[in-house]
Amino acid sequence: MKFSKSFIPTLKEVPSEAVIPSHILMIRAGLVRQLSAGIYTWLPLGYRVVRKITEIIREEMNAIGGQEFHFPALNPKEIWEQTGRVEAFGDTLFHVKNRDYVLAPTHEEIVAWHAQGALTSYKDLPQIWYQIQTKFRNEPRPRSGVIRGRQFLMKDSYTLDRTFEDLDIAYDKHDKAYRKIFDRSGLKYFIVGASSGAMGGSKSEEFMVKSDAGEDTVAYCGKCGYAANVEVAQSVSVNAARDNESKQLFEIPTPDVKSIDELCAFLKIDEHETAKSRVYMHDDKPVLVLMLGNDEVNESKLGPALGGNVRPCHPEELKEISGADAGSIGPIGFKYRIIADNLLEGANNLYSGANKNDYHLGGIDMKRDVPNIEYFDLRTVESGEKCVRCGSTLEVFKAIELGHIFKLGTKYSVALGVNYLDENGKEHPVVMGSYGIGVERIFACYLEQNYDEKGIIWKKPLAPFDIHLIGLNMKNSLIDETSNKIYEELQKEGYEVLFDDRNDVSAGVKFNDADLIGMPVQIVIGEKNLKDGRVEIKLRAKNEKQIVELPQLNNKLKELI
RNA sequence: CGGGGAGUAGCUCAGCCCGGCUAGAGCGCUUGGUUUGGGACCAAGAAGUCGCAGGUUCGAAUCCUGUCUCCCCGACCA
């Protein structure tokens, strides 16, 4: 493709709407333009990358027996009502105003609808149906460029099986295919076991990429691969101590001491000798939650531990419940249910609030003084703590979800009546699985992992072109002739070539554009080398330049690409 | 939805607090010329309903009210 005739609007300045590297690079390199919040147009260069990604996905999905469909994005609302998901999605689902249609945010319903009555025999199963399609979700807050948009490309596949055992096989095939897809895309990723949430299913795994732009926080062990969302992550951490002797309870005046840090400083004690109190309202009954030292209550763990509705108490409720304000609340004399984090189990000689403003208690023995307490894992894992599986150090960081594989079970097949007859003529619901990949997230994550101060660094699999051919001074007829000839030859050799044949920009502009757009190999045709019958080859990744005799160019490229 | 920031030329932004003639800069763009191995130079030029609506005023980019849009943090996120 000739640069002079292409729409590649590169930008020297950083556009104000972009914050994260991948977004900035996409805009600056002329890959994408925003139309509205969370809605993007892929420009020709960027769309080439999208197609490289989708082609990798197709190959791997076909390799496990997937059949490519194209389901409609516009769906009758009625079908969505049958599974209760119009309500479940709520405002996230786009509704069409002048018809009872919705814009599909995913396609379980439509797959089930087509399967119903069509897959009627055990002989029809298993099936793997997939598509690469535009999805619509009314995200309340689109962000991070294409990473969270209101319209986005998704590869979604659905497996239809007879039994849960067969589902295991289909799930495993997807697990392997996904690894291949992300490996081939050149991404560094890891896998997190996750709870299946509102999709309604049992087992699921998320494929994640470490990134500050991520929306999930995960704990990860580099040694054994343990990875979990911090909402559920566990770690080995040190229990509060139990001394041989328990002191008697004693009251300490602690004027203006509220936080654990202030308490430790005031009494000159260690954080691990203290217990922090938080009061929650659980189905209209107060619950005191005790944490060791300064540990924060992990509300994602607290909810499931208690069941029902849980919310933090309002400050004005605290006094009535405990007799004190926040900062002076503690377990002794607290009249309602008390639960604590596991780390506090059996500890003694602890300091905590006295349920009396400006007073704390010392000498608390959990066994002796708080006999009816219940223990749960309520901590939030922090970086530096030890892995529960192998004991090495955990890292906590933000991550982007690239893909997710679910064992759905029979939720949708039951709701929409997708049944088959087995060998004995007995009817069963089809067992389903659902598997998604965010196509643009592969794109964005690749960029997050492959750039430098000059711009993007493509590797061959996703690069829009293999070679960026640069004719420096195109008004020089020898350069013009030679570079055009090389352009033709390289294409005959089967390379995808972007040819910077512009005659109205200086060399510096071409070099900088080439580095910004980031094709793996640059070939520079300039007077300096051409007068000796040579050209320069530059590898973008290593910033390595080599001078090559013209007749050797082809061999050299075979070696490099 | 809560909190914060922003909307002025294609892009990045100044001007706004403290109202005043024809609204500015850099980059980009057009034309001519000189350049051509790291965003080069000279000259001439085009380009703006100052987000929108209403109000205050002799006079509004500037003050007031409303509204829309975009960005960031949070909530939410099959």
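As a basis for the values below, the full set of heavy atoms in this structure was taken, side chains included, without hydrogen atoms, waters or symmetry mates. Sequence lines set the chain letters: A, B, ... in the order given, protein chains first and strands last, and positions in each chain run from 1.
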* **Quiz item: A:Glu527 side-chain donor-acceptor pair to B:G37 base, under 3.5 Å** => no

* Report yes if a donor N or O on one partner sits less than 3.5 Å from an acceptor N or O on the other, where the partners are the side chain of A:Lys475 and the base of B:U35; otherwise report no. => yes

* Asked: Of A:Asn473 and A:Val509, whose closest RNA chain B nucleotide lies nearer the 5' terminus?
  -> A:Asn473

* Does the cation-pi check pass for A:Arg150 over A:Phe94, that is, NZ or CZ under 6.0 Å from the six-membered ring centre and within 45° of its axis? -> no

* Look at the side chain of A:Asp515 and decide which nucleotide, out of B:C72, B:U12, B:G38, has an atom nearest to it. => B:G38

* More than 12 foreign heavy atoms under 6.0 Å from CH2 of A:Trp42: is that the case here? -> yes

* Asked: Across the strands shown, which category fits A:Val19 at heavy-atom distances under 4.0 angstrom: base, sugar-phosphate, nothing?
  -> sugar-phosphate

* **Candidates B:G38, B:C76, B:G39 - which lies nearest the side chain of A:Phe511** => B:G38

* What distance, rounded to whole Å, do you find between the two C1' atoms, one in B:C58 and one in B:C63? -> 16 Å

* Asked: Below 3.5 Å, does any donor atom in the side chain of A:Arg148 face an acceptor in the base of B:C77, or the other way round?
  -> yes

* Asked: From B:G38, B:A40, B:C27, pick the nucleotide closest to the side chain of A:Ser506?
  -> B:A40

* Check whether the ring centres of A:Tyr220 and A:Phe190 lie less than 6.0 Å apart, and answer yes or no. => yes

* Can A:Lys2 be said to sit on top of A:Phe499's aromatic six-ring, NZ or CZ under 6.0 Å from centre and within 45° of the ring axis? -> no

* Among B:U12, B:G74, B:G37, the one nearest A:Glu17 by side-chain distance -> B:U12

* If you check every side-chain atom of A:Ala507, which of B:G37, B:C11, B:C70 has the closest atom? -> B:G37

